[in-house]
Amino acid sequence: MSMDAASKEPLYGFLPRRVKGNQVRKAMEHELNPFTKQPHTAQYRKILATRQKLPVFAQMDEFLKMFSENQVIVMVGETGSGKTTQIPQFVAYSDLPHTRGKIVACTQPRRVAAMSVAKRVADEMDVQLGRQVGYSIRFEDMTEPGTTFLKYMTDGMLLREAMNDPRLERYSTIILDEAHERTLATDILMGLLKNLVKQRSDLKLIVMSATLDALKFQKYFGLRSDTTAPLFKVPGRTHPVEVFYTQEPEPDYVEAAIRTVLMIHRAEDPGDILLFLTGEEEIEEACRKIKIEADDLTNQDPDSVGPLQCIPLYSSLPPQQQQRIFDPPPPPRTSTGPPGRKLVVSTNIAETSLTIDGIVYVVDPGFSKQKVYNPRIRVESLLVSPISKASAQQRAGRAGRTRPGKCFRLYTEKDFMKELEEQTHPEILRSNLSNTVLELVKLGIKDLVHFDYVDAPAPETLMRALELLNYLAAMDDDGNLTALGSMMAEFPLDPQLAKMLITSTEFKCSNEILTITAMLSVPNIWLRPNNQRREADAAKAKLSVPDGDHLTLLNVYNLYKLNEHNKGWAWQNFISQRSMIQAENVRNQLQRVMERFEIDSISVTDEKKLYQNIRKALVCGFFMQVAHKEGEKGSYMTVKDHQVVGLHPSCGLETQPEWVIFNEFVLTTRPFIRTVSELRPEWLIEIAANYYELESFPDGETKRALQRVINKRAGRPVAEIGYATKRSGKQLAAEIESANNGRPVKKQKTGRGG
DNA sequence: CCCCTGGGG
């Protein structure tokens with residue numbers, strides 16, 4: 001080669017996937033940016049100098065060699081190793097995707113991470129964000145087709161893409177980051193990609209995780225049963241954290257936590273504190289108590305105890321208040337007084353999603369709220385449960401980000417060793433999988449039971465999902481995706497909502513159902529501040545429609561749009577502006593999908609008819625979520641499952657109608673149904689005849705009431721809309737049975753209680 | 001007479 005070519009072409013002599021460390025280092029030091037051909041900026045050189053100090057940088061040669069020689073690599077890198085920013089760049093230099101029209105993708109479990117890492121890496125590579133380096137998350141595609149060759153994205157986004165391109169042909173290398181978090185999307189992607197690398201020898205895969213899970217992934221991605229995928233290991237760069245345990249178990253962890261925080265504040269050196277609690281109410285209560293006691297301490301002993309600033313942190317807090325965690329600690333009261341201290345009281349949002357610098361002390365009571373799914377009663381609920389060892393370690397690590405720290409665990413060392421699980425159960429074992437199953441079937445996975453999961457979900461959970469999809473006519477009796485099901489999978493919605501939205505044109509109210517669907521897909525829109533409950537309830541009552549909560553949601557959205565010019569409208573009506581903006585975004589996105597399928601957005605003009613049709617459309621998706629009033633005390637019984645439920649206090653119905661349809665079942669102090677509308681029982685017979693075949697119903701008031709409706713209707717024709725197909729169940733049972741190692745599956749009795 | 005741990009499309 002001539003010196004001339006090398007001086008103008010930083011990547012001269014690079015052979016894809018056979019690139020060596022010294023070549024890359026030279027290219028990075030080159031006067032020209034190899035990807036833009038522009039001279040490097042001064043900022044680039046400054047950032048490069050700091051990059052070169054990262055632990056992972058010292059192992060570039062080793063990494064590139066392993067990347068050249070292997071199709072799949074498992075990599076572990078602890079906090080501070082620089083793996084998320086550097087490894088994708090190393091890969092880009094070796095893979096040279098830009099020369100082949102390909103993309104290197106790096107997935108993240110969270111949107112903020114995908115955005116902020118992409119920004120950082122664009123700076124490091126001296127390119128404009130959204131050009132050579134970009135990101136892709138829901139509602140925001142910050143990439144340029146043909147130009148972007150390094151893309152950070154959420155795991156859910158890559159899964160969506162796989163539905164339309166199961167071979168993921170655009171990608172030359174896929175990097176799954178934070179795989180140890182085991183999100184639903186990452187788990188499904190691991191299964192798909194394990195299969196895909198066998199079919200696409202040109203596709204490389206890197207799975208990045210924390211140390212504890214590495215061997216599991218190495219085994220999973222071993223090409224044969226007796227081999228493991230190679231491991232690439234990078235040390236982290238954190239400070240030591242000293243861990244303390246209690247001598248005896250603490251009967252009341254909130255009380256113990258408050259005591260420990262005050263002890264630290266009184267006796268330990270300066271440095272901020274992070275306390276983990278389980279939920280909003282607990283956090284606000286603890287903050288109140290700590291503030292009172294800390295103020296007392298400071299007043300009693302102003303020369304040795306400084307001021308304590310208490311900051312709550314949980315996801316439903318407005319972003320502006322969340323920002324407070326980055327405020328500096330309060331100043332001393334007097335110029336010679338003891339320094340102030342910051343205390344952040346947080347849910348496990350601070351365990352992975354948000355990093356607070358300056359934390360030196362962590363107080364860990366050992367609990368968090370975790371989602372659990374009970375397939376027998378088809379209910380997801382949140383339970384306060386002990387955390388795993390991995391979580392406890394993650395929490396402790398939060399004390400050592402800026403200097404050596406201390407972690408106070410409010411449980412005994414013996415309990416830590418003996419009682420805590422190694423890992424938090426992956427989400428796939430704790431969730432309702434109806435959405436996931438629809439996605440998998442759309443991806444062409446026919447045999448769901450024998451799919452190669454990292455951890456296989458309970459057969460009964462799969463059965464529940466298949467059963468629901470079959471009732472919704474998304475799948476036929478042979479387990480094939482129907483045309484309707486294929487369309488449903490394209491909507492970023494739960495199957496019930498997708499079905500309701502698609503079929504709503506038949507009732508000439510798709511415009512309204514589109515709004516309702518969007519409103520049901522965002523967090524609670526109703527604000528209820530502690531000190532203004534009465535005002536909030538009154539505002540809500542004014543917006544409520546007597547026929548049901550679904551129509552109230554529609555009403556709120558329409559009024560919100562009518563008052564768009566009035567900035568204060570949401571606040572004055574105790575409505576969450578944040579949720580409304582989100583609903584608007586979701587609605588637009590759904591409308592685009594509808595347009596793609598040429599589903600018209602229409603409204604019947606007769607208002608009375610419109611309101612009735614809307615509730616009929618609800619039945620198309622939610623006929624399995626119906627309850628019948630039994631007895632006089634306002635208690636309801638869900639159909640078929642025979643669960644006794646109450647109307648949730650947030651429900652806006654004026655009366656207690658005999659029949660109601662509900663959006664969700666929540667198990668809190670007792671079972672409640674939430675977001676409820678009145679319905680006429682004849683709609684059930686008309687719209688979901690197969691589900692409402694009475695032979696399969698348990699005896700009781702509900703069945704008798706339905707029988708009366710059927711008798712009255714006898715001889716009248718049924719409408720031809722939104723029918724659920726007849727379900728044989730045989731095929732499902734066979735699948736489940738084989739998954740159960742040939743043992744027959746016990747027939748589940750539907751009954752009360754959890 | 002109540003809850004929304006956290007994340008994703």
Side-chain angles (χ1 to χ4, degrees), chain A residues 107-114 136-141 153-164 178 181-189 276-284 313-317 322 346-354 367-372 380-385 387 391 394 424 426-428 430-431 435-436 438-439 442 488-495 497-498 517-518 521-528 530 533-534 536-537 540 576 578-579 582 585-586 589-590 592-593 634 646-651 664 666-675:
Chain A
T107 68
Q108 297 293 321
R110 282 168 293 279
R111 298 158 51 98
V112 275
S136 176
I137 58 178
R138 189 184 187 184
F139 306 127
E140 201 182 350
D141 182 10
M153 63 203 301
T154 48
D155 48 12
M157 222 35 210
L158 186 60
L159 193 54
R160 285 265 133 193
E161 281 189 14
M163 290 197 329
N164 290 311
E178 314 288 0
E181 287 196 28
R182 303 292 305 276
T183 65
L184 248 175
T186 299
D187 262 32
I188 299 300
L189 282 171
F276 286 100
L277 290 177
T278 66
E280 173 176 343
E281 207 179 288
E282 202 175 86
I283 287 170
E284 293 290 356
L313 177 64
Y314 41 87
S315 76
S316 59
L317 223 47
Q322 286 192 10
S346 173
T347 60
N348 45 1
I349 191 171
E351 201 176 294
T352 49
S353 308
L354 275 170
F367 293 96
S368 71
K369 276 193 190 173
Q370 284 165 36
K371 187 165 70 185
V372 285
E380 273 183 352
S381 43
L382 288 170
L383 276 183
V384 173
S385 330
I387 60 172
S391 255
Q394 178 77 19
T424 310
E427 211 180 358
I428 197 169
R430 298 184 283 120
S431 308
N435 212 350
T436 306
L438 182 60
E439 280 168 3
K442 174 83 178 186
M488 282 164 60
E490 298 275 333
F491 285 85
L493 292 170
D494 283 340
L497 289 169
T517 305
S521 307
V522 299
N524 188 14
I525 59 157
W526 308 104
L527 297 176
R528 203 158 176 260
N530 263 338
R533 289 195 175 177
R534 198 178 295 192
D537 291 345
K540 186 174 177 185
S576 159
R578 205 161 40 132
S579 291
Q582 220 176 322
N585 281 334
V586 173
Q589 188 189 29
L590 295 176
R592 285 195 297 274
V593 182
L647 296 182
H648 194 274
S650 66
C651 174
E664 58 181 341
V666 288
L667 198 55
T668 51
T669 48
R670 58 193 176 89
F672 287 109
I673 51 178
R674 196 157 55 186
T675 315

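Values below: all heavy atoms of this structure, side chains included; hydrogens, waters and symmetry mates excluded. Here is how names work: the chains are called A, B, and so on, in the same order as the sequence lines, proteins then strands, and each is numbered from 1.
Between A:Thr669 and B:dC2, a side-chain N or O to OP1/OP2 separation shorter than 4.0 Å is present. An OP1 or OP2 oxygen of B:dC2 is reached within less than 4.0 angstrom by no side-chain nitrogen or oxygen of A:Ser650. For A:Arg111, a side-chain nitrogen or oxygen approaches OP1 or OP2 of B:dG9 to under 4.0 Å.
Distance CG (A:Leu159) to P (B:dG9): 11 Å, rounded to an integer number of Å. If you take CD of A:Glu181 and P of B:dT5, they are 19 Å apart, rounded to a whole angstrom. What separates CG of A:Leu497 from P of B:dG8 is a distance of 19 Å, to the nearest Å. Put simply, CD on A:Gln582 is 11 Å from P on B:dG9, counting in whole angstrom units. Computed from coordinates, the A:Leu317 CG to B:dT5 P distance equals 12 Å when rounded to whole Å. In this entry the distance linking CD1 of A:Ile137 with P of B:dG7 reads 13 Å, nearest Å. Across the protein-nucleic acid pair, A:Glu140 atom CD and B:dG9 atom P stand 11 Å apart, rounded to whole Å.
As judged by a 4.0 angstrom heavy-atom cut-off over every strand, A:Phe139 is placed among residues making no nucleic acid contact. The residue A:Arg138 sits close to a base: some heavy atom pair falls under 4.0 Å. At the heavy-atom level, A:Pro109 lies under 4.0 Å from the strands shown only through sugar-phosphate atoms.
Candidate nucleotides B:dC3, B:dT5, B:dG7 were compared by shortest atom distance to the side chain of A:Ile349, and B:dG7 ranks first. Distance from the side chain of A:Lys369 is smallest to B:dT5 among B:dC2, B:dT5, B:dG6.
The number of heavy atoms from other shown groups lying within 6.0 Å of CD (A:Glu281) does not exceed 12.
Closest-nucleotide positions on DNA chain B for A:Thr278 and A:Pro492 were compared, and the one nearer the 5' end corresponds to A:Thr278. For the pair A:Glu281 and A:Thr154, nearest-nucleotide mapping onto DNA chain B gives the more 5' position to A:Glu281.
Under 3.5 Å, the side chains of A:Gln322 and A:Tyr314 contain no donor-acceptor pair of N or O atoms. Using modelled atom types, one finds a donor on one side chain and an acceptor on the other under 3.5 Å when comparing A:Glu280 with A:Ser316. At a cut-off of 3.5 Å, with distance as the only test, no side-chain donor of A:Glu178 or A:Thr186 sits close to an acceptor on the other residue.
A donor and an acceptor atom sit less than 3.5 Å apart, one in the side chain of A:Glu427 and one in the base of B:dG6. Side-chain atoms of A:Arg528 come within donor-acceptor range of the base of B:dC2, with a qualifying N/O pair under 3.5 Å.
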